Number of protein chains: 2
Amino acid sequence: MNATIKDVAREAKVSIATVSRVLNNSAVVTDETKQRVLDAIKKTGYKPNALARSLKIQKTHTIGLIVPDISSPFYPEVVRGIEDIASMYSYNIFLCNTDQKEDKEMNYIEILSEKQVDGIIYMGDIIRESVKQQLHDIGIPIVLAGTEDAESEFPNVNIDNKKASYDAVKYLLSLGHKKIGMISGPSDDPIGGIQRTNGYKEALSEAKIRFKPSLVVEGNFKARQAYLAMLKLLENNVDAVFAASDEMAAAAINAIFDSGFSVPEDIHVIGFDNTYLSYMFRPTITTIQRPAYDIGAVSMRLMTKLLAKEPIDDMHVILPHQLIVRESTGYGEEKK
Amino acid sequence: MNATIKDVAREAKVSIATVSRVLNNSAVVTDETKQRVLDAIKKTGYKPNALARSLKIQKTHTIGLIVPDISSPFYPEVVRGIEDIASMYSYNIFLCNTDQKEDKEMNYIEILSEKQVDGIIYMGDIIRESVKQQLHDIGIPIVLAGTEDAESEFPNVNIDNKKASYDAVKYLLSLGHKKIGMISGPSDDPIGGIQRTNGYKEALSEAKIRFKPSLVVEGNFKARQAYLAMLKLLENNVDAVFAASDEMAAAAINAIFDSGFSVPEDIHVIGFDNTYLSYMFRPTITTIQRPAYDIGAVSMRLMTKLLAKEPIDDMHVILPHQLIVRESTGYGEEKK
DNA sequence: TTGTAGGCGTTATCAA
DNA sequence: TTGATAACGCCTACAA
């Protein structure tokens, strides 16, 4: 089958130790024998077996990625960020989709551990205690990417979700709005539901506006439900709306138009995530951008430091988010 | 560190061979000793080392994925389809982003080979000869997913891109249009540029309409250039437009409105790919859907058959595409 | 500078 | 039914 180090050794008439040395530049070898070895490698078409190597050196140069769903927005960019940095440091990536289900997560972590990955990057809105325990137990470096973790036991790279929605609502307040509605994520969603609603409340409270439960309608990040949510908010005569996702913001705008009102003339709308929907939609949608690629890249960079046992200056990185102002709050065309 | 099979053997007072037997159910073991071994496994917290196992049995239960860019549309869904089936058959997945660059592709294939993957699924618009050669040389099962391959040397799962755009244009013809413009992909793009333009030409020719080069303007799948392209087409008084991507279709619609015309009243537009932009945009956009998830799932299923050396009924699977009719061709609201 | 040999953690073939 | 033991392909003291 495939040539092994033995075949190369035989071909070059040296010991396998010598072949190994030229392969890894691990010790000085005469130019002449080195050349003989290189020739033999070429002749035999030898490719080192990473399995055998990893077994010996106890490192696989592989890391595992636990991701809810690579086909949902946000994660592809995070993963791309991770992979770019990983490849820069010669690491490969195992991709595991879990739909945030506990059994799938546990199962994959088990497998990754058996496959001897050097580290694991966990993604998901929130992380369960049981999963944390298991990740802890396998005893390899762990990094959380874009995940809320109250006790923050693990290194983490994220944005400040509460602050992000606070900023969005504060911007609406600065435009003079008093009656600001919100279309939130599911109430049990730690980020889109809880954190973002908290930011909304905080901005209101800071502006001394009393919080009215009727102005917060729960959505599920999907268009249909957000459309209905917006109709409810219209009954309450809101003059601005903050939606916890761009898709919901777009649906809200559609509902507003269909009800005979106009954006941004009558009502202002802000979305979340800066998906390309937000700038392709007309009117273009003001939104909050999460630096997905950077979250991935920084997470992986952190991982490489952990793996190299380099000193870490900060185990909990908060990346800056950004309010991107567009037509839906009356700012006019995006320049882009 | 981690317990090995030896530790378990010692703990259970049996040989490692026996431990291996209960682990793999490879031979009959007394219930009593079996229980002793199981207890020992629990007590030591033993996890089998997949590396050592793979080295021995010459199988890793791992497959490599070559993908242009996981953060661009289409691929995340394909990859999700692959991973779902892979996990069903206990395979893990290495994800490799190549941006379709030859050196990256070659490099990753090399690494995947060294890591002893059992198979590789290649994704990309087209596949280079050099890459084909290399994939061929490493001698493991290969499947192409969503890739044009003239000689079709490898098993392949794809849609018929030419037929897809043929169908789109034919639909426009059926609506009575005579002057149909096209915003294509780059002219050197094998799918969006060449295949789709060919389908356009064929539909026209079948309807005995002479092909006019001035009615095909080259785009780059991005909004800005497509917007300009549409302005040119307007100078030529087209009454319908087929764009090789949804983003270009949306940009075209924007250009049409900005020029004082209306969609679908004055001009009909069709896009490509059924991205969520196509149904969130107003007017909603008629488009062609590529079954991304299925392309992935079927590819991986094909791979499992290849790996199991099962007989394959069809090495070249053409999956059905679908024309999704929406407002931009005057059909009215989508029901969804 | 080069070679010998043990071991990384398994599986699988022989014997016993 | 169970136990030694030789691979799998590589790295790395230790010798020479």
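Residue numbering restarts at 1 for every chain, and letters A, B, ... go by the order of the sequence lines. Quick caveat: nothing in here was measured; it's all calculated off a predicted structure.
Between the C1' atom of D:dT1 and the CG atom of B:N25 lies a distance of 15 Å, rounded to the nearest Å. One can place CD of B:E32 at 12 Å from C1' of D:dT1, the figure rounded to the nearest angstrom. Taking atom CD1 of residue A:I5 and atom C1' of nucleotide D:dT12, one finds them 11 Å apart after rounding to whole Å.
In the helix from C:dT1-D:dA16 to C:dA16-D:dT1, the terminal helix axes, each the rotation mapping four pairs' C1' atoms onto the next four within five end pairs, subtend 50°, rounded to 10°.
The pair B:R10-B:D7 counts as a salt bridge, with a side-chain nitrogen and a carboxylate oxygen less than 4.0 angstrom apart. Salt bridge status for B:K132 with B:E151: present, with a side-chain N to carboxylate O gap under 4.0 Å. The residues A:K47 and B:E110 are annotated as salt-bridged, a charged nitrogen and a carboxylate oxygen being separated by less than 4.0 angstrom. A salt bridge links B:D84 with B:R80; the closest basic N to acidic carboxylate O contact falls under 4.0 Å.
A heavy-atom distance below 4.5 Å is found between the side chains of A:R128 and A:E105. A:I82 is listed as a side-chain neighbour of A:M123, based on a closest heavy-atom distance under 4.5 Å.
B:I57 comes within 4.0 angstrom of the backbone, heavy atoms only, and of no base.
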Q. So A:Q35 and A:D39, side-chain hydrogen bond (donor to acceptor under 3.5 Å, both in side chains) or not? Walk me through it.
A. CA-CA 6 Å; A:Q35 195 52 53; A:D39 290 347; 3.1 Å; yes
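Taking every nucleotide of DNA chain C with any atom under 4.0 Å from a non-hydrogen atom of chain A, the first and last of them, 5' to 3', are C:dT1 to C:dG9.
Aromatic ring orientation, B:H136 versus B:F154: tilted (interplanar angle from 30° to 60°). Ring pair B:F94/A:F94 is parallel by interplanar angle, where below 30° counts as parallel and above 60° as perpendicular.
Between A:L23 and A:K6, the residue whose closest nucleotide on DNA chain D is further toward the 5' end is A:K6. When each of B:A52 and B:S26 is assigned the nucleotide of DNA chain C bearing its nearest heavy atom, the one mapping closer to the 5' terminus is B:A52.
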Table of protein N/O atoms under 3.5 Å from nucleotides 2-6 of chain D N/O atoms:
residue, atom, partner, partner atom, Å
D:dT2, OP1, B:T30, OG1, 2.6
D:dT2, OP1, B:T33, OG1, 3.0
D:dT2, OP2, B:T30, N, 3.0
D:dT2, OP2, B:T30, OG1, 3.2
D:dT2, OP2, B:T33, OG1, 3.1
D:dG3, OP2, B:S15, N, 2.8
D:dG3, OP2, B:S15, OG, 3.2
D:dG3, OP2, B:T18, OG1, 2.7
D:dG3, N7, B:R21, NH2, 2.5
D:dG3, O6, B:R21, NH1, 3.2

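For the OP1/OP2 pair of D:dC11 and a distance below 4.0 Å, the side-chain nitrogens and oxygens of A:S20 include at least one atom meeting the criterion. For D:dG9, one of the phosphate oxygens OP1 or OP2 lies less than 4.0 angstrom from a side-chain nitrogen or oxygen of B:Q58.
Side-chain polar atoms of A:Q116 and A:S54 form no donor-acceptor pair below 3.5 angstrom.
Counting only distance, with no hydrogens or angles, the side chain of A:Q195 and the backbone of A:P190 share no donor-acceptor pair below 3.5 Å.
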